[in-house]
Amino acid sequence: DMRWMGQEHTITLKLENEKDGNISMDTETLKNKFMEEYQKTFGSKLDTIIEIVSTRASLRVQLPRKSESGKIDEVGIEVSNSQIECYSFTEDKKIQFDLVARSKIDSKVSGPLIIIESTAITYVDINYDVDKDSNGNLILVNREIGWSMNEDLHHYKCGIERKTNKVDVDPVTTQIIRNSLNSAAEQMKRALCRTAMSPIIYDVLDFAGAIYDNHMRLLSQAPSLPLFMGTLNFCIEEAVKGVGGENKLNEGDIIIYNSPYGTGSHPQDVALVMPVFFENQIIAYTAIKAHWLDIAGKEPYSTDTVDVFQEGTVYPGVKLYNKGELVEDIYKMCIANTRVPNSVAGDINAQVIGVRAGERALKKIVSKYGLNKFREATEAIFDAGEMIVKNYLKKIPNGEYKGSGQMDSNGVEEGLVPFDLKVIIEDEKVILDMSKAPPQQNGPINCPLPSTVSTARVAMSMLAGSNE
């Protein structure tokens with residue numbers, strides 16, 4: 001069953017068996033067959049992505065017979081100690097799968113295997129385990145990430161693989177570069193506060209400004225709203241994806257982004273992201289996320305919304321500036337979708353000034369010391385930060401530590417919302433287990449991935465940072 005992405009209806013294509021019993025067709029042939037059938041059925045074609053919604057196979061077999069006991073026997077096939085050759089998506093080739101009757105599964109078994117029962121067949125690839133829950137339902141668990149198909153969990157591993165080996169850098173130069181980066185972030189903050197129109201920015205400091213390298217690792221930040229700080233790498237990543245990736249970026253571009261699932265907060269918190277080019281390559285990003293007074297939500301500030309669309313206009317990653325020139329149409333949309341256009345226009349301008357101030361300051365540092373020495377120094381800074389955190393964790397006895405809390409309500413319904421957290425310490429490693437968190441709520445208290453990670457980062461920084 002295939003369709004153009006975004007459509008509701010599908011076109012069903014019938015694939016015939018080949019002589020060897022296999023069913024196969026290359027993607028280009030399948031695509032052309034779909035377009036031909038769609039043209040024949042609806043008289044038109046679209047210029048968008050084609051998606052496969054479902055794949056169905058029909059097998060004609062004799063129905064299972066009742067045994068003398070009156071129970072239905074397993075499908076009439078000998079499954080003990082037998083195998084079948086199937087395609088493994090993990091291995092990207094055909095391998096031998098064990099055939100197992102569901103009634104024979106009493107404890108955890110591992111793929112690759114095919115589970116046979118009277119009315120269904122379950123495919124278990126090589127990287128999955130399968131077990132039964134208390135009700136007899138099959139539970140599939142991916143061994144690599146520990147994700148269970150019966151759990152609504154997102155597993156997040158902090159950080160990225162280090163791009164270079166540890167290097168010996170002049171400690172004096174490293175410290176000068178470190179403080180210069182902090183100064184650059186502070187210049188972003190001062191430029192924003194001195195030019196903003198709204199007291200929520202220049203008095204309340206409801207914003208965050210920071211500089212990240214091209215691997216989305218934090219280089220420096222200016223003290224402001226703590227919970228915003230740990231979300232900016234997500235803002236940058238999603239903003240860049242929104243415009244089509246790094247290869248779509250030009251020097252002087254500034255992206256506007258405020259989708260809650262990428263920023264971690266309500267749409268009023270709008271991020272401006274600017275790539276920093278040096279020697280014709282992106283070496284970093286400057287970003288500021290700040291609260292706008294109003295973005296055409298059902299109210300200027302809502303605490304009882306039941307979806308993100310009630311909270312205001314969503315900018316999914318679009319260029320506000322292209323090659324240094326203002327994109328008038330996007331700017332007009334921003335100003336048209338607010339009850340306080342003068343304040344929002346002023347705050348947009350302030351954020352633009354802020355990210356540009358960070359870009360200029362960073363380029364000045366890199367120009368002074370050279371890109372190679374700059375990168376060596378930043379790696380040394382990361383090494384020092386890693387050592388500080390690991391030394392702190394070593395002081396904590398290994399084990400599990402549990403805490404709990406509760407919200408008075410979810411904002412739209414009465415009733416307490418309790419939650420539990422488990423912290424697991426294993427030598428130099430810490431795991432925050434939030435699997436006991438409550439399910440998604442109908443009110444505006446849900447915590448997307450960026451803000452969930454941010455709270456963990458803030459807590460760890462406060463505990464292990466040593467004022468660094």
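Just so you know, residue 1 is the first one in the sequence shown, and it goes up from there.
- A side-chain contact (heavy atoms from CB on, under 4.5 Å) with Tyr285 holds for exactly one of Val355, Leu249, Ile255, Val276; it is Leu249.
- To the nearest 0.5 angstrom, Leu218 atom CG is 11.5 Å from Thr378 atom OG1.
- Partner of Ser220 under the side-chain contact (heavy atoms from CB on, under 4.5 Å) criterion, out of Ile177, Asn182, Leu362: Asn182 alone.
- Atom CG of Asp420 is separated from atom OG of Ser404 by 5.5 Å, given to the nearest 0.5 angstrom.
- Rounding to the nearest 0.5 Å gives a distance of 15.5 Å between NZ of Lys298 and CZ of Phe309.
- Between Lys33 and Glu36 there is no salt bridge, since none of the side-chain N atoms of the basic residue sits less than 4.0 Å from a carboxylate O of the acidic one.
- Counting only N and O atoms by type, the side chains of Asn258 and Asp269 include no donor and acceptor under 3.5 Å apart.
- Atom OG of Ser88 is separated from atom NZ of Lys94 by 12.5 Å, given to the nearest 0.5 angstrom.
- In this model, a donor atom of one side chain and an acceptor atom of the other lie less than 3.5 Å apart for Thr231 and Lys289.
- Trp4 and Met35 get closest at one heavy-atom pair: CH2-CG, 4.1 Å.
- Gly262 and Pro450 get closest at one heavy-atom pair: O-CG, 3.6 Å.
- Side chain of Ser451 to main chain of Ser265: no donor-acceptor pair is present (N/O by atom type, distance under 3.5 Å, no hydrogens or angles).
- Annotation: the span from Ile288 atom CD1 to Met274 atom CE amounts to 11.0 Å, rounded to 0.5 Å.
- Between Ile49 atom CD1 and Arg3 atom CZ the span is 12.5 Å, to the nearest 0.5 Å.
- Nearest heavy atoms, Met333 versus Asn337: O-ND2, 2.9 Å.
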